Amino acid sequence: MAWFKRSKKSIEQQTPPDERRVKTEGLWTKCVHCRAIVWKKDLESNLHVCPKCQHHFRINAKQRLELLLDGRWVERDAGLGSIDPLHFADTRPYGERLKENQKKLGMKDAILTAEGLLNGRPVICCSMEFRFIGGSMGAVVGEKVTRAAERAMENKVPLVIVSCSGGARMMEGTISLMQLVKVSAALARLDEVRLPYISVLTDPTTGGVTASYAMLGDLNIAEPGALIGFAGPRVIEQTIRQKLPEGFQTSEFLLEHGFLDAVVHRKDLKAYIANALDCMVG
Ligand SMILES: [Zn+2]
């Protein structure tokens, strides 16, 4: 019975599925904080800070170096990689996870060390990569930070470390925890020769990294709204059996309670560090 059957295809069916919508995918992104729809190009030109609410999006290690250093820099200790000393496996073998991250991100571990200029002043700058196993600190990150401090001493230049980390890398067990001590000792030597170390804490800086070099700067500064802490809020709540105050473990909360020296907007970060080094070194 053809008279009640639609013999022609509807407009929708005539158009192939992938042409039905205007192709905007990948051009826009939603701000996780204010939920505004932001054009990705706008976000990039605004240093990955939401133009509506100033939420600081996470940026990668390389973008961070580009933000802080003048033009070119020389990467140091790029060849250091973990040997998976415990042959650790959880849901997957750690060695496999390492290889996959190294291939995907084009770096051996979760930190970059650069020798470059910051507003014309030679510095050693380390920048952590969160995408590499949550920016966790194992033997390689610990060794690179230690070497960066030693290199700063050799060159007699200031050290800047930008942290972005979930903490110690538990796949390396005690070896990852030993890094806290090693790095702290190297920073103490840097302090003895009176060279400045500026620590920049970005979202998130937690666990063993907070418990060692992130909080050991002559100046500890953070980006707005960053999560900074040792244990997560849920663990603390369960331990102390109390509700935590609002904004607990944010940069602003920590500044108010004397754990940080300043909270600095990303657009002012380079100038702020340069100015601080001018005051410290002259
Ligand atoms: Zn926003």
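These numbers come from the heavy atoms of this one structure, side chains and all, not from hydrogens, waters or symmetry mates. What you see is a predicted model, and the numbers here were worked out from it, not measured in a lab. Start at 1 and go down the list; that is how both ligands and their atoms are numbered.
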Residues, nucleotides or ligands: over 12 heavy atoms within 6.0 Å of Arg241 CZ: no

Salt-bridge contact Lys108-Asp77 (side-chain N to carboxylate O under 4.0 Å): no

Listed protein N/O/S atoms, distance to the Zn ion (ligand 1) under 2.8 Å: Cys31 SG, Cys34 SG, Cys50 SG, Cys53 SG

Parallel, tilted or perpendicular: ring planes of His265 versus His56, cut at 30 and 60 degrees: perpendicular

Heavy-atom neighbours of Lys270 NZ exceed 12 at 6.0 Å: yes

Whether over 12 other heavy atoms sit under 6.0 Å from Phe88 CZ: yes

Residues Glu129 and Arg64 bridged, charged N to O under 4.0 Å: no

